[in-house]
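The structure presented is a predicted model; accordingly, all values stated were derived computationally and were not measured. Numbered from 1 within each chain, the chains take letters A, B, ... in sequence-line order.
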Amino acid sequence: AQTVTQSQPEMSVQEAETVTLSCTYDTSENNYYLFWYKQPPSRQMILVIRQEAYKQQNATENRFSVNFQKAAKSFSLKISDSQLGDTAMYFCAFLSGNTGKLIFGQGTTLQVKP
Amino acid sequence: GAGVSQSPSNKVTEKGKDVELRCDPISGHTALYWYRQRLGQGLEFLIYFQGNSAPDKSGLPSDRFSAERTGESVSTLTIQRTQQEDSAVYLCASSLVGGAMNTEAFFGQGTRLTVV
């Protein structure tokens, strides 16, 4: 069975600084996708960034980028130039390309301080 | 609809009563997921529907929990004989095709269930 682990329950960063959130996963599959979702206090889940496992190039979306290390099964999220609006809970997620099952890590609460 | 819709948004029930939570996915989305999120915690997988395939029920915590889906539309999650430990936000998500490239899961706002 697949598992997703986020080992940082809480993190904080000063506005305009850079922060990295960690995620590791375990799977025996080769066909899968990885995601980072953001959940602000409104509770609405928002997709931040996605990565296809077959792509070696790390995904980037504006201030958000990932460091995907397939052999190490690691998928960290880097937020550059942190903004107050980035304050939220961040979830790492694994999507099986074989079954379509989508599972999440425990989440990291990020606070951006002014 | 424009997004995933869940109802009710809040539900308070007495211990021992049955509750039914509803999810209307985005039209045309064949994959539908249910998750439980306790306060300040992660998303706990409950069940996954994909088209007409048998659902993946591996996350249902006990036989008090069940879910159904009518074709590729509305889904209901039923909790029988509710317990205080069932208090949580129940989130529903849908995606165009489970497991396909560029498949983003879209989430509803959730149902906050409180068992008193």
Side-chain angles (χ1 to χ4, degrees), chain A residues 1-11 21-25 27 29-55 59 61 88-111, chain B residues 2-6 9-10 23 25-26 29-60 69 72 88-113:
Chain A
Q2 297 93 356
T3 58
V4 178
T5 303
Q6 294 178 249
S7 58
Q8 305 153 314
E10 296 180 355
M11 292 195 72
L21 308 183
S22 301
C23 173
T24 58
Y25 60 95
T27 184
E29 297 184 16
N30 280 317
N31 178 23
Y32 58 88
Y33 308 85
L34 298 165
F35 304 86
W36 279 96
Y37 278 85
K38 168 184 176 180
Q39 187 182 45
S42 67
R43 208 165 74 197
Q44 182 64 53
M45 293 283 283
I46 302 164
L47 178 67
V48 174
I49 198 165
R50 81 184 96 211
Q51 175 82 42
E52 291 86 2
Y54 61 85
K55 288 188 178 178
E61 286 287 342
M89 199 161 184
Y90 287 80
F91 292 98
C92 179
F94 173 99
L95 174 66
S96 166
N98 297 334
T99 66
K101 186 174 180 178
L102 178 65
I103 61 170
F104 287 80
Q106 306 92 319
T108 297
T109 299
L110 175 67
Q111 183 176 14
Chain B
V4 178
S5 177
Q6 291 188 246
S9 53
N10 287 285
C23 173
I26 293 172
H29 281 196
T30 62
L32 187 146
Y33 307 86
W34 282 99
Y35 299 90
R36 178 170 69 181
Q37 185 177 26
R38 292 197 167 106
L39 187 62
Q41 303 297 310
L43 274 68
E44 180 185 357
F45 170 83
L46 296 178
I47 189 169
Y48 159 51
F49 296 90
Q50 174 56 60
N52 294 319
S53 302
D56 180 340
K57 304 180 181 181
S58 60
L60 295 178
R69 187 179 186 192
E72 294 183 351
V89 173
Y90 290 82
L91 288 167
C92 175
S94 71
S95 66
L96 191 57
V97 178
M101 185 170 56
N102 292 328
T103 295
E104 175 184 352
F106 293 84
F107 282 80
Q109 286 276 44
T111 294
R112 182 181 297 281
L113 175 66

* **Portion of Y37(A) that has a non-hydrogen atom of chain B nearer than 4.5 angstrom** => side chain
* To do: Begin from the C-alpha positions of E104(B) and S95(B) and carry the test side chain to side chain donor-acceptor pair (under 3.5 Å) through to its verdict.
  => CA-CA 6 Å; E104(B) 175 184 352; S95(B) 66; over 6 Å; no
* Neighbours of chain B found in residues 41-49 of chain A - heavy atoms under 4.5 Å -> S42(A), R43(A), Q44(A), M45(A), L47(A)
* **Exercise: identify the closest heavy-atom pair between K38(A) and A88(A)** => CG-CB, 3.6 Å
* Asked: Which atoms of Q37(B) come close to chain A, meaning under 4.5 Å heavy atom to heavy atom: side chain ones, backbone ones, both, or neither?
  -> side chain
* Asked: Side chain, backbone, both or neither: which part of S58(B) has a non-hydrogen atom closer than 4.5 Å to chain A?
  -> side chain
* Asked: Hey, what's the ring geometry for Y35(B) with F45(B), parallel, tilted or perpendicular (30° and 60° as the breaks)?
  -> perpendicular
* Going by atom types only, do Q50(B) and T30(B) share a side-chain donor-acceptor pair under 3.5 Å? -> yes
* Asked: When the aromatic ring centroids of F94(A) and F104(A) are compared, is their separation below 6.0 Å?
  -> no
* With only heavy atoms counted, which part of Q6(A) is less than 4.5 Å from chain B, the side chain, the backbone, both or neither? -> neither
* **Heavy-atom proximity to chain A below 4.5 Å, by part of Q109(B)** => both
* To do: Report the C-alpha separation of W34(B) and L91(B) in whole Å, then their side-chain angles, then the decisive distance to 0.1 Å, and conclude whether the side chain to side chain contact (heavy atoms under 4.5 Å, CB included) test is met.
  => CA-CA 6 Å; W34(B) 282 99; L91(B) 288 167; over 6 Å; no
* Verdict with supporting geometry, E29(A) and S96(A), side chain to side chain donor-acceptor pair (under 3.5 Å) -> CA-CA 8 Å; E29(A) 297 184 16; S96(A) 166; 2.8 Å; yes
* Write down the atom of T108(A), the atom of M11(A), and the distance for their closest heavy-atom approach. => CG2-CG, 4.0 Å
